[in-house]
Amino acid sequence: MPQQTYPNFRSMNKSGNGTEKNITGLPALLRNIEELNRDPALDDMIKRCRQIVEGEEKYVEESCTPLTPLQAHIVRETHEDSSVSQYSYMLSGEVGGCFLKNIAEIARAKRILEIGMFTGFSAVTFSETSNCEEMVCLDIDPDMEKFVRSRIQGTSVDSKIRIIVGAAQESLVKLKDEGKKFDLVYIDANKNGYLDYYKYIMDNGLLERTTGVILCDNILWSNTTMDQSTPGGKDLHEFVQFVLQDGRVEQMIIPISDGIFMIKSKVNN
Ligand SMILES: C[S@@+](CC[C@H](N)C(=O)[O-])C[C@H]1O[C@@H](n2cnc3c(N)ncnc32)[C@H](O)[C@@H]1O
């Protein structure tokens with residue numbers, strides 16, 4: 001499976017195909033419009049739009065439960081360690097993390113699977129929830145295992161977290177052969193793999209049949225999934241369309257951060 005490169009989805013080009021198409025977040029786009037605008041009649045409206053977008057983002061962020069000391073430690077270490085700091089935009093973030101934590105709590109998830117661990121922010125977030133007994137994290141990068149293990153050593157989550165290094169598709173086969181079943185699956189790795197991961201999980205009983213939840217990060221891919229204007233957006237759109245016609249589940253996109261796709265097994269499935 002091809003590996004994905006990780007553009008900064010908040011501010012950078014997401015075309016990834018050589019044709020420079022600058023996709024920026026809405027606040028930056030509105031700032032550009034404000035600067036370029038020469039019609040005074042529009043000044044106030046543009047300014048108000050920008051204030052609404054920026055204000056909402058800040059207000060939502062401030063509404064979140066503060067990070068735990070271990071979550072904050074992982075965030076700090078990710079920003080400060082020069083081997084990973086340039087990729088710190090990949091962290092699920094404070095708002096995303098708060099959402100993941102709440103869903104895991106509401107679902108009373110005991111066994112959680114994460115595809116795409118990076119420096120362990122979401123892994124720690126899930127493993128600190130009240131019911132979590134087992135947290136299995138998949139990542140293709142062996143350095144991430146070392147990074148996370150050294151940061152969680154001696155903490156209460158150390159014994160709960162199992163890390164499997166390798167391509168996720170192969171690790172999923174291993175988990176199926178072990179007869180594993182999960183209450184919650186979080187998919188946050190290469191975007192061109194989401195569809196295959198989803199199909200494998202659903203077709204091989206890796207998700208608890210009537211109560212299982214799947215959460216997928218970056219589903220809006222900087223607003224390029226809806227018009228498929230980047231390769232990642234195309235892949236994710238195809239994945240979304242597949243899920244929409246899958247009679248086994250119910251689903252919706254939560255438009256926080258870069259979009260989280262929440263998929264739940266149907267009760268009468
Ligand atoms: C966006 S980051 C995950 C962020 C993490 N969930 C968090 O919130 O901190 C994506 C991770 O997926 C991993 N990855 C990419 N392709 C993969 C693949 N084919 N199999 C397994 N892991 C992969 C990368 O090494 C990277 O660490």
Side-chain angles (χ1 to χ4, degrees), residues 1-4 92 99-118 120 122-140 144-145 157 159-219 235-254 259-269:
M1 199 166 287
Q3 270 188 57
Q4 179 204 16
S92 290
F99 179 78
L100 301 179
K101 179 178 183 160
N102 277 291
I103 296 297
E105 290 287 5
I106 292 164
R108 296 195 163 87
K110 286 187 183 163
R111 292 147 306 159
I112 302 176
L113 169 66
E114 166 170 75
I115 305 180
M117 173 184 70
F118 187 43
S122 38
V124 160
T125 300
F126 284 127
S127 52
E128 286 192 309
T129 56
S130 329
N131 297 284
C132 180
E133 291 170 3
E134 185 184 14
M135 174 82 225
V136 179
C137 305
L138 314 184
D139 206 288
I140 199 162
M144 294 303 104
E145 179 181 31
V157 300
S159 59
K160 287 186 204 175
I161 296 183
R162 170 183 174 197
I163 299 169
I164 306 179
V165 175
Q169 194 62 63
E170 288 161 26
S171 305
L172 287 174
V173 174
K174 192 182 288 180
L175 291 170
K176 183 214 156 203
D177 291 347
E178 289 175 15
K180 291 285 186 194
K181 254 190 199 315
F182 297 93
D183 302 303
L184 193 154
V185 177
Y186 181 47
I187 306 181
D188 189 16
N190 51 323
K191 308 308 156 194
N192 56 5
Y194 278 35
L195 180 56
D196 287 341
Y197 302 150
Y198 173 79
K199 282 182 183 165
Y200 193 85
I201 288 162
M202 295 300 292
D203 294 347
N204 291 282
L206 280 165
L207 185 71
E208 203 52 66
R209 203 168 60 85
T210 54
T211 53
V213 184
I214 301 180
L215 300 170
C216 310
D217 199 20
N218 306 123
I219 205 71
D235 292 331
L236 290 170
H237 177 73
E238 192 192 339
F239 166 56
V240 170
Q241 296 314 301
F242 183 88
V243 175
L244 296 191
Q245 54 72 48
D246 186 348
R248 296 170 293 185
V249 296
E250 288 172 327
Q251 72 289 316
M252 83 169 287
I253 290 174
I254 317 288
I260 298 178
F261 199 20
M262 181 157 68
I263 306 166
K264 197 194 152 311
S265 301
K266 268 187 187 157
V267 174
N268 299 323
N269 174 17

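Predicted model, so just to flag it, every value in this text is computed and none were measured.
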* To the nearest 0.5 angstrom, please state how far the CG atom of Asn204 sits from the NZ atom of Lys180. => 16.0 Å
* Asp203 bridged to Arg248 by N-O distance under 4.0 Å -> yes
* Asked: Can you name the nearest heavy-atom pair linking Gln251 to Val243, along with the distance?
  -> OE1-O, 3.7 Å
* Asked: In chain order, what residues pass the ring-ring contact (aromatic ring centres under 6.0 Å, His included) check against Phe239, with sequence neighbours excluded?
  -> Tyr194, Tyr198, Phe261
* Taking only residues two or more places apart in sequence or in another chain, which ones pass ring-ring contact (aromatic ring centres under 6.0 Å, His included) with Phe118? -> none
* Asked: Checking side chain to side chain contact (heavy atoms under 4.5 Å, CB included) against Val185, which of Leu172, Leu215, Ile201 comes through?
  -> Ile201
* Would a 4.5 Å heavy-atom cut-off, applied to side chains only, mark Lys110 and Cys132 as touching? -> no
* Asked: Do Glu128 and Val157 come close enough that some side-chain heavy atom pair is under 4.5 Å?
  -> yes
* **Pairs involving residues 159-168, ordered by first then second residue, that meet salt bridge (Lys or Arg N to Asp or Glu O under 4.0 Å) (sequence neighbours left out)** => Arg162-Glu178
* Asked: Which pair of heavy atoms, one from Thr129 and one from Thr125, lies closest together, and at what distance?
  -> CG2-O, 3.6 Å
* Asked: Atom CD in Glu170, atom CD1 in Ile140: separation rounded to 0.5 Å?
  -> 8.0 Å
* Any Asp217 side-chain heavy atom under 4.5 Å of Ser92 side chain -> yes
* **Distance-minimising heavy-atom pair for Cys216 and Ile263** => SG-CD1, 4.1 Å
* For Thr210 against Lys264, the heavy-atom pair lying closest together -> O-NZ, 3.2 Å
* Taking the side chain as every heavy atom from C-beta outward, state whether Arg108 and Ile106 have any atom pair closer than 4.5 Å. => no
* To do: Report yes or no: is the cationic atom of Lys101 (NZ for Lys, CZ for Arg) closer than 6.0 Å to the six-membered ring centre of Phe126, at no more than 45° off its axis?
  => no
* Asked: For the side chain to side chain contact (heavy atoms under 4.5 Å, CB included) test, which of Leu206, Leu175, Leu184 pairs with Leu113?
  -> Leu175
* Please step through side-chain hydrogen bond (donor to acceptor under 3.5 Å, both in side chains) for the pair Ser265 and Glu208, ending with a clear verdict. => CA-CA 8 Å; Ser265 301; Glu208 203 52 66; over 6 Å; no
* Asked: For the residue pair Ala123 and Cys137, what are the closest heavy atoms and their distance?
  -> CB-SG, 3.6 Å
* Non-hydrogen side-chain atoms of Leu195 and Glu238 separated by less than 4.5 Å -> yes
* Shortest non-hydrogen separation from Gly205 to Lys181 and the atoms involved -> O-NZ, 2.9 Å
* Asked: Any ion pair linking Arg111 and Asp183 (charged N to carboxylate O, less than 4.0 Å)?
  -> yes
